[in-house]
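As the structure is a prediction and not an experimental result, all values here were calculated from the model. Order of the sequence lines sets the chain letters (A, B, ...), proteins ahead of strands, with each chain counted from 1.
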Amino acid sequence: MLPKTYDPGPVEDKWSEIWQKEKLFISAADKGRKPFVIVIPPPNITGALHMGHALNNILQDSLVRYERMTGKEAYWVPGTDHGGIATQNVMEKMLKTEGRTKEDLGREKFLERMWAWYWVCGDTILNQLRKLGCALDTGKANVRFTMDAKRATAVFEAFSALWKKGLIYRGERMINWCTRCGTALSDIEVEYEEEKSKLWHIHYPAADGSKGLTVATTRPETMLGDTAVAVNPEDDRYKTLIGGKLKLPLAGRVIPVIAESVVDKTFGTGAVKVTPAHDPADFEIGRRHGLQFIRVIDFTGRMVNCPEKYRGKNAQAARKEIVEDLKAGEFLEKEEHYRHSVNKCERCHQHIEPLVSEQWFVKMKDLAAPAIKAAESEEVKFYPSSWKKPFIEWLKNIQDWCISRQIWWGHRIPVWYCKTCSSAALRFSAAGELSRVSFKGGAKPAVSFAKPPKCPDCGGADFVQDPDVLDTWFSSALWPFSVFGWPQRSEELAYYYPTSVLVTGYEILYLWVARMVMSGIEHMGRPPFSYVYVHGIIRDRHGKKMSKSLGNGIDPLSMTDKYGTDAMRFAILSQAAGGKDIPFSEEALIGGRNFVNKIYNVFRFIMMNLPENSGITSLDEKQLKALKASGALTLADDWILERYGGALDDVKACMADYDIGNAVSVLYRFFWDDFCDWYLELAKPRLETADKAVTLGILLHLFGGTLKALHPFMPYVTEELFSGLKAYTSPDKPFLLKEKYPFSLSAGGGPAGLFGGQPSAFSLQSSQAESSMKKIMGVVTQIRTLRAEFEIPPARTVKTLITSADKNALELLKKHESYISRLARTEGLEIAPDLARPARAASALSDAFNIYVPLEGMIDLEKEKARIAKEAGRLGSDLALCEGKLKSPNFISRAAKAEVDRVVSRKADAENKLARLETILRELA
RNA sequence: GCGCGGUUAGCUCAGCGGUAGAGCGCCUCUCUUACACAGAGGAUGUCACAGGUUCAAAUCCUGUACCGCGCACCA
């Protein structure tokens, strides 16, 4: 005897192992079939996967499994990302617990530790993906890593190609510098956070001792690097001062007042201190006016080139002192409370320091242009489409991409310098490692994967490699083709590229997706995917972002342990609609677990009723059609088969639109509401009759089909139960995941996107089965309501009379009275025209039927009257509404005819029912 | 500041031109031989506000308020 509740743990372990062992997720180029390819957004090897990964991968898995079942050669390419700064930070933290720094280890040893970490963490991630049910082959031969040998070749190839085209250059720019991470960052790796701060008004006296002017600043510590004050040339307050000199407080330097139209007269004092070395806007002003660039904050965030007392202090501490000193010197005119956004490092959340520095850049304008075109023409199409516009806007405003990072973990920039020829431009650390390179100082770059054998200029062989590594996104940008061995032009690459769809969260749309599109077009000649499915992020139940500091995060693996993977997948998928963020809570998981248990119990029910060695198997489509033709199918059979086909049609339409949430809901409702609550209940008595074999055959067909249909979304439970049924359904097919999606009885019969084909075998009479069942269900529901109203326990049967003036309708009920007696638990059911209402009976209406349930002694006359009067009231207002509409000549003349007809018949229905209710009320009185 | 999205039952959301829906929660009755992780029934909403278009508006348009998210060199 099977246990009453489903236990997901062992089942999941079992199948996840079997799927891997049988190598079911490996793909091979099959020219006879269309490929369906997704490359995984490679998770960073920073630690365990979180809820966001779970969502991202479950969505992909559902698509891949679905497309495989529709007959495509499905391939989901697995891999992980080295994750540059983020991962290096993780390692630095680990070292810190050992009381060490990366400098203690040195570059080489540090990288050894990183690689050791990769093997551990990479494995953990792959295990977690497997646990989530992901249809990824995680064998070593199949898993890619952004820093493995093949990907390194791709990175070099891309770098060198862009270099040759002049799209990579080295230049001195104002860049975002994280003093904690010790590296430059690109613009999109900077976050903006609102912070409460102050706006300090500082008086700068004129050099000649006259009044001078007052500037307003949020960063008083940078004043030591001021080399001008700018005012708007149209500003009458300051016009006379333009060209004059000011004496910089504390520093004592003399600086000019310059005219700049970018200065906003209305902000602050209308006078702006200009610090070209520490502010992007000031940097531009400095260039335009040929100002001096004085760096007062160095790359460690400490004060330099300034009065002795501040020197070596970090900028934050220096600010306090400087403000104090300004106050003491009576330079500080005002401190205003002020909220403004502060630049922070995406990875470590420390303040970003804008600094001038020589870095490597990629010229973006030319790369962006064809990507813009691809998005505009929808060669790359977004789901939901609302992302198209921001995507294009971002590309249009694109700035050059700073790709060099002053960290150790990553692809080392493939540029070498001859120690002899570039000696003046190279600086070495105490440990003898190249620390900085200056192109301004005359460094001569040689782009090469490995150390060049000989210097073309001096013939020497003493080369050093550029110390920087590439932005981690540089390698990620190549992912859709580097995973297939590019630059090698293999058959594999030709077959799988471009990939089908990219599934990603909106937070990396620019960081990653835009760059993939650009590099795909640049290196492969066409975009890397046709569709971008953009999903939201997982939030807590109240829509708050999950975060460590709020403590509202949910660990996906602990949830799968507790409720099962399928339950979690269901909970997530059923809410994944339209790219919106998903509120998530444990309650949702309980719902998922309950659904899984429901599925399991239907299996249990079927197994309990299947006699051993009976030879009963699932009826296939052909057999069902034959049975139908011979009249052997019941109304309930017709009805459920239609419902089933309809549900599958809906699933197909949803999936063609990447609406996975709705697809799942459709199946949920079909299975629970139609199949379990109605059909299964009607099948029960039939199992006691000669119809048993047919009944079981249909049940197996529907249940097996539902398992297939649900499999992409809930792979474990469906595979498990299907294997239990295998002997009765598809004895020759070893795995559910290799089965065809059960579209056979639905309209299209083909893969998603091709619907609109033949009507299904069961839809020809559709309206009839549907409307007949509706009538019966209506009657059943009314009787049940009466029972509940009078608190009749389910075990007790109840005498019921049904009457109507509609002969055909009565005929239908008469024919299916067993349905009613079973579902409504009646006894002595009388169905006939002109039945009188028994004196002490509860009454109800359904369609054309009057329903009477005699209840000796149980009935409270007043209560019954009130109940019926209430119903009459409802009908009355409905009637009034219809009458109102029909009285309006405008409605009659302008509304669609079908609509007018609908209202006419609704009115007639209301009138009819009202009259019948009034009769009952009169009798009660 | 500009842009995008949201505002519907206690909670989370679906519906997007013809009389308001789901899940969870709540109330009542039941351990009826698949499932109490269940079954049956019930209660609950001026669909943010104000105008407009329409025979008809939660649904389309305009504006307002509030919430969320992007983008932006206001020092």
Looking across every strand, which nucleic acid part, if any, lies under 4.0 Å from [X] by heavy atom: base, sugar-phosphate, or nothing?
X	value
A:K4	sugar-phosphate
A:S386	nothing
A:E393	nothing
A:R906	base
A:W200	nothing
A:K684	base
A:A896	base
A:D581	nothing
A:C676	base

State, without any angle test, whether [X] and [Y] hold a side-chain donor-acceptor pair at a distance under 3.5 Å.
X	Y	result
A:H203	A:T214	yes
A:E353	A:H278	no
A:Y204	A:D226	yes

Most 5' of A:I188 and A:N609 on RNA chain B, judged by nearest nucleotide
A:N609
Is there a donor N/O on one and an acceptor N/O on the other, under 3.5 Å, for the side chain of A:R593 and the base of B:C37?
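Side chain to base: pair found, below 3.5 Å.
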Would you kindly check whether a donor in the side chain of A:K885 faces an acceptor in the base of B:A56, or vice versa, at under 3.5 angstrom?
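It does not, because no donor-acceptor pair links the side chain of A:K885 to the base of B:A56 below 3.5 Å.
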In whole Å, measure the gap between the [atom1] atoms of [N] and [M] for me.
N	M	atom1	result
B:C24	B:G18	C1'	31 Å
B:A34	B:G39	P	13 Å
B:C11	B:G45	C1'	14 Å
B:C37	B:C31	C1'	14 Å
B:G21	B:U54	C1'	25 Å

Rounding to an integer number of Å, can you tell me how far A:I538 CD1 sits from B:U12 P?
16 Å
Whole angstrom value for the distance that separates C1' of B:C27 from CD of A:E789
13 Å
Measuring to OP1 and OP2 of B:A14, would you say a side-chain N or O of A:K580 lies under 4.0 angstrom away?
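Yes, A:K580 has a side-chain N/O under 4.0 Å of OP1/OP2 on B:A14.
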Hey, is the side chain of A:N662 poking within less than 4.0 Å of OP1 or OP2 on B:A14, counting only N and O atoms?
no
Under 30°, 30 to 60°, or over 60°: which ring-plane class applies to A:F703 and A:F675, parallel, tilted or perpendicular?
parallel
A:W672 vs A:Y668 aromatic rings, parallel, tilted or perpendicular, using cut-offs 30° and 60°?
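Judged by the thresholds at 30° and 60°, the geometry between A:W672 and A:Y668 is tilted.
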Can a donor-acceptor pair be found, under 3.5 Å and without considering hydrogens, that links the side chain of A:R237 to the backbone of A:K265?
yes
My understanding is that a pair needs two contacts under 3.5 Å, Watson-Crick or G-U wobble. By that rule, which nucleotide pairs with B:U33?
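None - no nucleotide pairs with B:U33, as no candidate has both distances under 3.5 Å.
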At a cut-off of 3.5 Å, list every protein nitrogen or oxygen paired with a nitrogen or oxygen from nucleotides 72-75 of chain B, distance to 0.1 Å.
from: B:C74; atom 1: O2; to: A:D264; atom 2: OD2; distance (Å): 2.9
from: B:A75; atom 1: OP2; to: A:Y338; atom 2: OH; distance (Å): 2.8
from: B:A75; atom 1: N6; to: A:D264; atom 2: O; distance (Å): 2.5
from: B:A75; atom 1: N6; to: A:F267; atom 2: O; distance (Å): 3.0
from: B:A75; atom 1: N1; to: A:D264; atom 2: N; distance (Å): 3.1

